[in-house]
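Structure first, then comments.
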Amino acid sequence: MSIRSALILSRRPAIAFVVVGIFWGCFAAHVPVIKAQLGASDALFGTLLLGSATGLVSAMWLAPRLDRWLGARSMQAAIAALAFAWLLPSQITHPLVFAASMALVGLASGLLDVVMNARVSELEATHKRPLMNANHAMFSVAYACSALIAGVTREAGMPPAPVFAGFAVFALCLIPFVRMDVTYVTAEEGYQGRYPLWPILLCGGIVLIAFMSEATVEAWSALHVERTLGGGAAEGALGPAMLGLTMAFGRFSGQAVAERLREVHVLIGASILSASGAVIAALAPTPVWAYVGFGILGLGVSVIGPMGLALVGKLVQPHLRTEAISRAAVIGFSGFFFAPTLMGLMSQAFGLRVAFLVVALLLLATLPLALLVARQKAHVPQEAIAPNQG
């Protein structure tokens, strides 16, 4: 299946992935500015980002209920909420108020994350084709483009607030195009299966590692380039932009790879590749070498998260798919926010080079989890696997 046909098939959730990408890319490029206007240390800034983790985890539990209530308009409502939520953090100078505003961002972003991933999984089940990598690639493309735009505006001396407002207007203009009818699947008559705990825990753990690593580069790469390696504002913004570009390439490639290779083999290769990129970034003597490291890291980590989410959709009964993806997302997407906190504490104590070396070790932890998932999948009866096994 071509990338183009995959995106046409899943064009509505793909737009939602773009919306999430533009806001987080803009935020990543503005981290040095926002951190400076708060007057926060590395440790304090990382701790403040826990506010978004609180909102995110709440969203993951609320999402299945809100999805059933809003139905076809779920993604529309979540995009509107996210666009308005992002107007707050860029204008705040008080640390506690910033944390509260990031909680609202986490809530809105989490709602959209769960719904759009569930829609892709539903389309995979309907058309029996892998679609997750192509959609996550759209996030990466949007993330990279918005980070580059934000870098240019920073270099020109523009404050964050009008840049975020511009992206919010763009997101609101996309709302009419994401309305998507939903067919809810009910339990088959006589279904006696247990709730799928182990697939959720194992796949959620894989997604957690991938997104913790991705979040680390998003939140701290610009600071690493500017502070550790002496780069300028535009050079700093190029760090997260490089991650987004290579992740987009990796995910588009992963769309083809997912149809040809076993998931466990892809996960093992990707974790080793991304870990090597983290080491290069940590030891980089110049910004150019840091970009190489971030690029390799992005190329490897790009397929780990989407594949983890796709796997949990394949290992559960169809009527449990949205809920299972939501629970796995509770584990996985929280990595976007807990990672910057841990990185902030580690950077405060040992510096960003050591922090990025720890990311390399974290990525290698994917290896045993991938093997356990393969073992779990081998023991699932074929009739109990969701139709998107393909």
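Note that the coordinates shown come from a computational prediction; the quantities given were computed from them, not determined experimentally.
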- Taking it one step at a time, do Leu88 and Phe98 satisfy side chain to side chain contact (heavy atoms under 4.5 Å, CB included)? CA-CA 8 Å; Leu88 300 174; Phe98 173 79; over 6 Å; no
Going hydrophobic residue to hydrophobic residue with side-chain gaps under 4.5 angstrom, can you get from [X] over to [Y]?
| X | Y | value |
| --- | --- | --- |
| Ile280 | Leu364 | no |
| Val115 | Leu172 | yes |
| Val169 | Leu87 | no |
| Met138 | Leu174 | yes |
| Leu273 | Leu357 | no |

How long is the straight-line distance from [atom2] of [Y] back to [atom1] of [X], given to the nearest 0.5 Å?
| X | Y | atom1 | atom2 | value |
| --- | --- | --- | --- | --- |
| Leu48 | Ser101 | CG | OG | 9.5 Å |
| Met247 | Ser274 | CE | OG | 9.5 Å |
| Leu363 | Ile272 | CG | CD1 | 11.0 Å |
| Leu202 | Leu311 | CG | CG | 10.5 Å |
| Tyr143 | Leu148 | OH | CG | 10.5 Å |
| Phe84 | Ile79 | CZ | CD1 | 12.5 Å |

Can you find a heavy atom in the side chain of [X] that is under 4.5 Å from one in the side chain of [Y]?
| X | Y | value |
| --- | --- | --- |
| Thr246 | Ile296 | no |
| Leu245 | Tyr291 | no |
| Val20 | Leu82 | yes |
| Phe27 | Met102 | yes |
| Ile304 | Ile209 | no |
| Phe167 | Ile149 | yes |
| Met307 | Leu267 | yes |
| Leu362 | Ser213 | yes |

Heavy-atom pair of closest approach, residues [X] and [Y]:
| X | Y | result |
| --- | --- | --- |
| Pro13 | Met75 | CA-SD, 3.9 Å |
| Ser74 | Asp67 | OG-OD1, 2.8 Å |
| Ala150 | His30 | CB-CE1, 3.5 Å |
| Ala83 | Ala168 | O-CB, 3.6 Å |
| Gly308 | Ile206 | CA-CG2, 4.5 Å |
| Val225 | Glu235 | CG1-O, 3.6 Å |

- Query: Which of these, Gln76, Met116, Arg11, Arg119, sits in a side chain to side chain contact (heavy atoms under 4.5 Å, CB included) with Val178?
  - Reply: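 Exactly one pass, corresponding to Gln76.
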- Task: Tell me whether the centres of the aromatic rings in Trp86 and Phe164 are closer together than 6.0 Å.
- Result: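 Yes, ring centres under 6.0 Å apart.
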Heavy-atom donor-acceptor pair, [X] side chain to [Y] backbone, under 3.5 Å:
| X | Y | answer |
| --- | --- | --- |
| Gln91 | Pro160 | no |
| Ser109 | Gly106 | no |
| Ser146 | Ile22 | yes |
| Glu124 | Leu131 | yes |
| Gln37 | Ile92 | yes |
| Arg179 | Ala72 | no |
| Lys35 | Phe45 | no |

- Task: Check the pair Asn117, His136 against side chain to side chain contact (heavy atoms under 4.5 Å, CB included), reporting the backbone distance first and the verdict last.
- Result: CA-CA 9 Å; Asn117 277 286; His136 280 258; 3.0 Å; yes
- Message: Pairing donors with acceptors under 3.5 angstrom, does anything connect the side chains of Ser140 and Arg251?
- Response: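 Side chains of Ser140 and Arg251: pair found under 3.5 Å.
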- Should the pair Phe294 and His224 be assigned to parallel (<30°), tilted (30 to 60°) or perpendicular (>60°) ring geometry?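 The arrangement is perpendicular - the two ring planes meet at more than 60°.
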- Message: Before you tell me yes or no, could you show the steps for Val163 and Cys26 under side chain to side chain contact (heavy atoms under 4.5 Å, CB included), namely the whole-Å CA-CA distance, both residues' side-chain angles and the distance that decides it to 0.1 Å?
- Response: CA-CA 8 Å; Val163 183; Cys26 183; 3.8 Å; yes
- Query: Run the side chain to side chain contact (heavy atoms under 4.5 Å, CB included) check on Phe252 and Val141 step by step: do they pass?
  - Reply: CA-CA 10 Å; Phe252 282 133; Val141 169; 3.9 Å; yes
